[in-house]
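Note sheet for the following structure.
Chain naming here is simple, since letters A, B, ... match the order of the sequence lines and numbering starts at 1 in each. Since we're looking at a predicted model, the values are computed, not measured.
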Amino acid sequence: MTDQTALFEYLLRLGDNTLVLGHRVSEWCGHAPVLEEDIALANTALDLIGQTQMWLGLAGEVEGAGRSADDLAMLRDVWDFRNLLLVEQPNGDFGQTLMRQCLFDAFHFELLTGLTHASDDRIAAIAAKALKEVTYHLDRSSETVIGLGDGTEESHRRMQAALDLLWPYVGEMFTPDAVDDAMHAAGIAPDLIAMRARYDARLKTILSEATLTKPDSSYAQSGGKTGFRHTEHLGHMLTQMQWLQRAYPGATW
Amino acid sequence: MYAQMVTSEATQDDPQKLAQFQARIDAGEKIEPKEWMPEGYRKTLIRQIGQHAHSEIVGQLPEGNWITRAPTLERKAILLAKVQDEAGHGLYLYCAAETLGVSRDELTEMLLDGRMKYSSIFNYPTLTWADMGAVGWLVDGAAIMNQVPLQRTSYGPYSRAMVRICKEESFHQRQGYHIMMKMAQGTEAQKKMAQDALNRFWYPSLMMFGPSDKDSVHSAQSMKWKIKMNTNDELRQKFVDQTVPQAEFLGLTVPDKTLRWNDEKGGYDFAEPDWSEFFEVIKGNGPCNTERLAARNKAWDDGAWVRDGLMAHAAKKRAAKLAAE
Ligand SMILES: [Fe+2]
Ligand SMILES: [Fe+2]
Ligand SMILES: [Fe+2]
């Protein structure tokens, strides 16, 4: 793998994570439990879509094949997506959505913090901008997980179920592969193993305040960031997201 | 409008106080929450502001319907931001209504069980991407017609909410028009979508202003109190006069064969919408009434455990803090 290929792959991972999660969060629009949450979820989705434009824009530049961020978002099929399995998981109830958000935000926060020191200025600049937004996302999602975990019996039960359901998707975030290694060696990506320790420490605090129990299993599903094997959910999302571009090729909107 | 057919409440207050109140309004003073106001004024405002707030909230749904299918990342972001604005408008308006002594939860319950209404326009489906253009251009456009004058309404909190809202609505209208422009200048299929959207949204948009209220005693009272600033017909005429040239510029045809410029009145003559359809929609028989109300009810019911959970947690925190003091 050349450095350029690895960089392109890596940027797709960054952009596809925010694209797919942004899309999922946007599915809530108008259906949240309370008006303030509707506004906050839309805000999170907006930030993530904005980050997608930057990451995929840069990916297209690096690839040098004339593909724009929109081309990459709207015209690739499932096997070309490089997002984590976690972010393509369906929304479920509000608790499941916020648990997914919190598990991702805590990772995203560490990742972007590391990327602000990237040897590539373009990446460092995007990371710095995104980090401000994601700091806020993490505050919000962790507070909500704590509030609901430590709320009523029912909210506690639902949050524990959400954690149990999503836990197998945590490991993929921290399992380095050839792309991660190449990016780390190039001085771009932070060390995932060191990140995991900080992630675990933060999560421990959040879960204990939330009175939730970390599942015992360390089994991790994989196949999202490599594109080897996504879950069945991604295809349905793309069917919806890409429909207009696919049905009316070449039109401008 | 967003508050259609709000009949003003009868008032049985001390005539002297009423006269003083009217004098303040005539002098252009703003009425603030703590000040004396006739019961009818208060009740009419609650209904009007509440209905307006509900319209913003239900109004998220027809546009939310296209967020996951927006054609580009930028369009998706713009639409998301717009729908988020509408939720924010709902929030300001519920806050304004709360200053009159009714809670947001009470108003919400009344929306959900059908005691309170929202604008008829949001009971129409959004079927193609061009509908996102048509809704911004026509629906936000019609809303602005009504809301710009309401910035001068007599009730302080309502007037201030309108000032904030109007800025954003004019943004929405321009964005909607821009979508229409892209479609109207696009491929054959896009042009067809644009015309089809105008065909479906033209008359429902005219209905937004409500039936003619020239002779309505209720609107006369509301106008005296500066809760309503113009008659429905005045606003509808203004809307048509503004919108027809915009449609021409797009190369689209307004679906009204009787539409003619009338030199004498300096405005267009145009066909009235089918008012029987309007009354059916208000009664609950519009194309999407059932879905819209079901979606709001589902969001509220499914969210109950979340609201309860967060409240229980906040109560525990308060108790812990108190114990520590
Ligand atoms: Fe609005
Ligand atoms: Fe609106
Ligand atoms: Fe609007």
Side-chain angles (χ1 to χ4, degrees), chain A residues 19 22-43 45-46 49-50 52-53 56-57 68-70 73-74 93-95 98 143-144 146-159 210 237 240-245 247-248 250-253, chain B residues 53 57-77 79-88 90-91 94 104 108 128-129 179 182-183 185-187 189-190 193 295-296 298-317:
Chain A
L19 172 61
H23 185 99
R24 277 287 183 241
V25 176
S26 79
E27 291 172 358
W28 272 99
C29 199
H31 305 279
V34 64
L35 205 39
E36 284 82 351
E37 290 302 335
D38 250 324
I39 294 173
L41 288 167
N43 206 51
L46 264 173
I49 299 303
T52 304
Q53 288 174 295
L56 292 186
S68 66
D70 280 328
M74 301 296 177
D93 65 11
F94 182 80
L98 265 292
E143 264 173 38
T144 311
I146 291 168
L148 292 173
D150 179 48
T152 59
E153 221 171 280
E154 180 179 10
S155 72
H156 176 85
R157 177 178 57 71
R158 285 177 183 258
M159 294 314 282
M237 177 193 285
Q240 208 172 66
M241 182 167 83
Q242 301 181 335
W243 177 69
L244 272 176
Q245 290 285 358
Y248 301 94
T252 51
W253 305 89
Chain B
I57 299 310
V58 178
Q60 293 181 93
L61 299 172
E63 288 182 290
N65 184 37
W66 277 89
I67 285 176
T68 55
R69 288 178 289 173
T72 67
L73 295 170
E74 193 190 0
R75 288 286 174 214
K76 186 176 165 82
L79 187 58
L80 247 174
K82 185 197 171 183
V83 178
Q84 186 192 30
D85 284 348
E86 305 301 4
L91 203 54
Y94 284 128
R104 198 209 304 183
T108 301
T128 73
W129 176 251
I179 291 177
K182 282 275 181 193
M183 306 285 287
Q185 295 167 353
T187 63
Q190 285 177 304
M193 274 186 238
R296 289 312 307 164
K298 183 173 189 315
W300 188 248
D301 294 344
D302 289 355
W305 72 269
V306 176
R307 297 188 300 273
D308 292 347
L310 292 176
M311 261 169 12
H313 175 69
K316 285 185 210 176
K317 289 278 256 202

Toward chain A, the part of B:Gln185 with a non-hydrogen atom under 4.5 Å: neither

At what distance, to the nearest 0.5 angstrom, does CD1 of A:Ile146 lie from CG of B:Leu310? 11.5 Å

Rounded to the nearest 0.5 Å, what's the gap from NE2 on A:His23 to CD1 on B:Ile67? Could you check? 10.0 Å

Could you tell me which portion of B:Thr72 (side chain, backbone, both or neither) has an atom closer than 4.5 angstrom to a non-hydrogen atom of chain A? both

Check ion pair B:Arg104-A:Glu36 (N to O, under 4.0 angstrom): yes

So what's closer than 4.5 Å to chain A heavy atoms on B:Arg307: side chain, backbone, both or neither? side chain

Do we see a donor-acceptor contact under 3.5 Å between the side chains of B:Lys182 and A:Thr252? no

Quick one: pull up CD in B:Gln60 and CG in A:Asp38 and give me the separation to the nearest 0.5 Å. 4.5 Å

Atom pair CG/CD of A:Leu244 and B:Gln190 - distance to nearest 0.5 Å: 9.0 Å

Does either side chain, that of A:Gln240 or that of B:Thr68, offer a donor lying less than 3.5 Å from an acceptor on the other one? yes

For the CG atom of B:Leu79 and the CD1 atom of A:Ile49, what is their distance to the nearest 0.5 Å? 11.5 Å

Backbone N or O of A:Gly30 within a donor-acceptor pair of the B:Arg296 side chain at under 3.5 Å? yes

Would you give the length of the straight line joining atom CG of B:Leu61 to atom SG of A:Cys29, rounded to the nearest 0.5 angstrom? 8.5 Å

Identify which part of B:Asp302 has an atom lying under 4.5 Å from any heavy atom of chain A, answering side chain, backbone, both or neither. neither

